[in-house]
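For reference, the structure discussed in these notes is given below.
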Protein chains: 2
Amino acid sequence: MTRRNYGQYCGLAAALDVLGERWTLLIIRELLLGPRRYGELLAELPGIGTNLLADRLKFLVEHGVLRRSGATGSERGYELTELGEQLKAPILGLARWGLTMLGAPSGEELARPHWGFLAVQAMLDPSRAAGIDEAYEFHVGEADFHISIKDGHPRAVEGKFAGTPAMRATTDAATFLEIGAKQLTPFEALATGRLLLEGDTSATMRCCFLLGLAPGAAPEQAA
Amino acid sequence: MTRRNYGQYCGLAAALDVLGERWTLLIIRELLLGPRRYGELLAELPGIGTNLLADRLKFLVEHGVLRRSGATGSERGYELTELGEQLKAPILGLARWGLTMLGAPSGEELARPHWGFLAVQAMLDPSRAAGIDEAYEFHVGEADFHISIKDGHPRAVEGKFAGTPAMRATTDAATFLEIGAKQLTPFEALATGRLLLEGDTSATMRCCFLLGLAPGAAPEQAA
DNA sequence: CTGCATCCGCCTCGATACTG
DNA sequence: CAGTATCGAGGCGGATGCAG
């Protein structure tokens with residue numbers, strides 16, 4: 001009953017023995033954005049097949065990556081354990097790499113708003129936040145999130161910013177990810193009305209710089 | 001003729017469309033340690049099947065992750081492109097995570113010396129190198145590599161250290177990886193003769209600290 | 001001999017139907 | 001809603017064949 005494994009005493013091979021099968025990392029991607037119920041996962045992963053999802057979930061629970069949340073029937077679901085949360089950094093690294101592999105959206109591919117939150121976390125370069133102290137808010141489809149920079153330390157957070165952000169961007173999921181994939185510049189998206197920007201223009205430039213969407217240096221923040 | 005893909009406009013899904021199939025990341029692991037010939041890859045990846053290796057290589061070349069090296073028939077092989085090299089960080093992250101999933105070596109699993117070099121890179125924590133300026137050398141089976149710290153900046157390098165390292169460790173691949181997986185402490189390995197240490201004891205402690213094998217603080221380096 | 005391509009049995013995957 | 005059972009299709013693994 002033991003599944004197929006690589007039989008190599010190596011960290012990467014051991015990781016892939018647990019995570020390497022089809023759909024597994026995408027399930028973990030969804031759970032990185034919060035607890036999910038079985039039906040929600042099915043809806044976010046079209047094509048997975050119900051038996052496969054059940055198999056993967058059971059397997060990941062057995063290996064300590066996931067646990068069941070909410071024993072009270074009302075909020076029953078799955079969530080990452082601390083071990084599972086530790087996958088965040090490498091998964092974001094793969095997501096950033098994958099962004100460069102994305103071409104123009106083919107129309108066949110679906111884009112979910114909350115993947116924009118994942119993309120923002122992958123794109124965010126903390127080393128570019130020195131000397132900045134402000135917040136940028138994003139409305140991508142029905143998903144709201146923001147970047148808050150305190151003492152040059154940026155954090156990506158779900159939900160609206162508690163206060164007035166220096167910039168607010170409103171767009172749809174496909175446009176947001178297309179910008180992240182560098183298939184579309186923010187300027188082009190703005191010009192074609194697919195992106196709406198509010199707030200300070202220089203803050204917008206700093207935000208683009210922070211996300212690797214603009215080369216060189218960002219304009220300094222006024223005191 | 002297009003292979004199976006997830007059909008999601010998302011960075012992680014795009015990465016997995018290229019890297020997610022069986023054996024692919026292990027092929028890239030081998031190439032992270034230098035160019036390899038087809039036959040060498042076959043030998044390092046027992047069980048892969050010759051057709052699958054050829055398919056994966058062709059696919060990765062098509063997608064710009066690999067290229068053929070050495071057009072001169074004598075040194076023909078495969079090597080990572082710059083795009084492929086960018087996978088180093090997330091792959092090392094997965095390898096570090098996977099180290100914690102490794103149990104005791106089962107005897108059925110094979111351990112290659114150069115995977116120790118991968119493990120060292122995954123375990124190395126640059127934030128723990130402040131104030132240190134020395135080198136540690138490792139002999140793991142037939143593989144030689146070392147960590148060189150200059151101005152608090154550690155680097156893992158293949159080959160012997162050009163000079164006298166502050167510490168030299170000699171062991172076999174299985175023991176080295178078992179220590180990395182925390183299934184065995186350096187002390188136990190030393191006591192059972194599976195590990196040989198030469199050089200300054202306090203340097204050894206600093207090296208263990210740097211690799212996350214010792215908690216708390218490392219002893220300071222004498223001037 | 002190295003570097004693949006072909007063939008075949010098996011296991012995983014994906015879709016649908018069904019149960020608590 | 002949350003899974004389990006079933007089955008066809010296709011990817012995988014191993015052996016073998018063949019070309020440079």
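Source: prediction; values computed, not measured. Values below: every heavy atom of this structure, side chains too, minus hydrogens, waters and symmetry copies. In what follows, chains are A, B, ... by sequence order, proteins preceding strands, each numbered from 1.
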Nucleic acid footprint by protein, nucleotides 11-20 of chain D - heavy-atom cut-off 4.0 Å, B for base, S for sugar-phosphate alone: SSBBB-----
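- Here B:L12 contributes atom CG and A:L92 contributes atom CG; the two are 9.0 Å apart, rounded to the nearest 0.5 Å.
- For A:I27 and C:dG14, the CD1 to P distance is 11 Å, given to the nearest whole Å.
- For the atom pair CZ (A:R56) and CG (A:L45), the distance works out to 11.5 Å, reported to the nearest 0.5 Å.
- Per the geometry, CG belonging to A:L26 stands 11 Å off P belonging to C:dG14, to the nearest Å.
- Contact annotation: B:Y78 reaches the phosphate of C:dC4 (side-chain N/O to OP1 or OP2, under 4.0 Å).
- The distance from atom NE2 of B:H146 to atom CZ of B:R155, rounded to the nearest 0.5 Å, is 7.0 Å.
- One axis for each end of the helix from C:dC1-D:dG20 to C:dG20-D:dC1, each built from five base pairs, and the angle between them comes to 30° at 10° resolution.
- B:R36 and B:Y78 share no side-chain donor-acceptor pair at under 3.5 Å.
- Cation-pi geometry between B:R168 and B:F138 is not satisfied (NZ or CZ under 6.0 Å from the ring centre, within 45° of the ring normal).
- Shown here are the side chain to side chain donor-acceptor pair (under 3.5 Å) partners of A:H139, two or more places apart in sequence or in another chain: A:E137, A:D144.
- Separating the CD1 atom in A:I48 from the CG atom in A:L41 is a distance of 8.0 Å, to the nearest 0.5 Å.
- Atom CG of A:D55 and atom P of C:dT12 are 10 Å apart (whole Å).
- The CG atom of A:L16 sits 17 Å away from the C1' atom of C:dT12 (whole-angstrom rounding).
- Aromatic pair B:Y6/A:W23: centroids less than 6.0 angstrom apart.
- Atoms CG (B:L53) and C1' (C:dG3) sit 10 Å apart, rounded to a whole Å.
- Remark: A:E85 CD to A:E79 CD distance equals 9.0 Å, nearest 0.5 Å.
- Protein atom CZ of B:F59 is 17 Å distant from nucleotide atom P of C:dC4, rounded to whole Å.
- For A:E40 and D:dA2, the CD to C1' distance is 13 Å, given to the nearest whole Å.
- Rounded to an integer number of Å, the gap from CG of A:L57 to C1' of D:dC1 is 14 Å.
- Here C:dG3 is the nucleotide among D:dA2, C:dG3, C:dA5 with the atom lying nearest to any side-chain atom of B:R37.
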